[in-house]
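One structure is given here, and the rest of the page talks about it.
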Amino acid sequence: MSTTGATADPLAALGSLPGVAESVESMRKAVDRVYGHRIMRRRSNEITSEAALRGARGSAALSGADWALEEVRRRSDFGADAEALVIGAALRLTAEAGQLLSIWRQSPLRVLARLHLVAAATQGDEVGRPRRAGEPVDEPLLELPLPDAREMSGRLEGLADLIITGSSAPALVTAAAVHGELLALRPFTSHNGLVARAAERIVLIGSGLDPKAVCPAEAGHAELGRASYLAALDGYVSGTPAGMAAWIAHCGRAAELGARESTAVCEALQRGAA
């Protein structure tokens, strides 16, 4: 992870970049809006379930399986073709993320390995562990320079140490850094995008920002579009203050849009109950 200078808390340093505080505040208002909705007090489980579905659909879309929400909702067989496999992996990851919250802060590498195992759903030797020297990475939609296995391993350990140590940075900053670093490193031989977005989800929920998981940032990323997503990721990978601030702002906007989707769901349920 690149930062603007040596510091005991590099995530907090990212939080001090120009414009980041405004992104954090804007996202917080969107989150507060959905949590303050009257429907959330009575039907939060329904909102959570719908948000999970929309988040999985959004994450899959960014990995090349851009299905309509109702198609994802009605299907039960996700093993028929390549796109269906991606949808199935995204749905499994969304369900699994909520089961790993208590482990994340103590053992993030264990959680990431579990996420890859769930996404891949195979028994190959390469599944559920970081890639080794010479192993190819199947991530065709991410055209970034690929760090070699040694660099990847060192940076992955560094990311894990930051999570375990903790930070005073806002949840958005930590979530964006985890998401961006995993995409930059692509530590597994496949499914790195899905895993990175699931890890972002874990941070946002586990931090207490979105404890009921009703603000699916994945849906927001998909709404902003793949081109915008990849352009913002280029900023993160550049390591420049402006580039990293732009990535954090992009992630904040995605979470805002996810919160807005759930607010719309609340409104629809309220109209139905009227």
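Computed from a predicted structure; not experimentally measured.
Side chains of R114 and Q99 form no contact here, defined as non-hydrogen atoms less than 4.5 Å apart.
Expressed to the nearest 0.5 Å, how far CD1 of I202 lies from CZ of R197 amounts to 13.5 Å. To the nearest 0.5 Å, atom CD1 of residue I47 and atom CZ of residue R54 are 9.5 Å apart. Between the CG atom of L185 and the OG atom of S153 there is a distance of 10.0 Å, given to the nearest 0.5 Å. Taking SG from C251 and CE from M27, the interatomic distance works out to 10.0 Å, rounded to the nearest 0.5 Å.
Ion pairing of R28 with E25 is absent here, as no side-chain N (NZ or NE/NH1/NH2) approaches a carboxylate O to less than 4.0 Å. A salt bridge links R75 with E71; the closest basic N to acidic carboxylate O contact falls under 4.0 Å. Taking a cutoff of 4.0 Å between a charged side-chain nitrogen and a carboxylate oxygen, R33 and E256 do not qualify as a salt bridge.
Listed by first and then second residue, the side chain to side chain donor-acceptor pair (under 3.5 Å) pairs involving residues 139-150 are E139-N192 (not counting sequence neighbours).
Between the side chains of R201 and S59, no donor-acceptor pair of N or O atoms lies under 3.5 Å.
Judged by distance alone, the side chain of T263 and the main-chain N or O of A259 form a donor-acceptor pair under 3.5 Å.
Looking at residues two or more places apart in sequence or on another chain, you find no side chain to side chain donor-acceptor pair (under 3.5 Å) involving R105. Taking H250 as the reference, H221 meet the ring pair (Phe, Tyr, Trp, His ring centres under 6.0 Å) condition, with sequence neighbours excluded. When the side-chain contact (heavy atoms from CB on, under 4.5 Å) test is applied to E157, the partners found at least two apart in sequence or on another chain are L109.
The hydrophobic clustering, which links ILVMFWY residues whose side-chain heavy atoms are closer than 4.5 Å, places L183 and L224 apart. V237 is connected to Y229 through a chain of hydrophobic side-chain contacts under 4.5 Å among Ile, Leu, Val, Met, Phe, Trp and Tyr, so both are in one cluster.
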Passes side chain to side chain contact (heavy atoms under 4.5 Å, CB included), W104 versus L112? Steps please. CA-CA 9 Å; W104 174 253; L112 292 173; 4.1 Å; yes
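Crowding of R73 atom CZ: a count of heavy atoms from other residues, nucleotides or ligands under 6.0 Å exceeding 12. At most 12 non-hydrogen atoms from other residues, nucleotides or ligands lie less than 6.0 angstrom from CD of Q123.
Here V137 sits in one hydrophobic cluster together with L146; the rule is ILVMFWY side chains under 4.5 Å apart, joined directly or through other members. Chaining together hydrophobic side chains whose heavy atoms lie under 4.5 Å apart places F78 alongside L53, W67, L69, V72, I87, L91.
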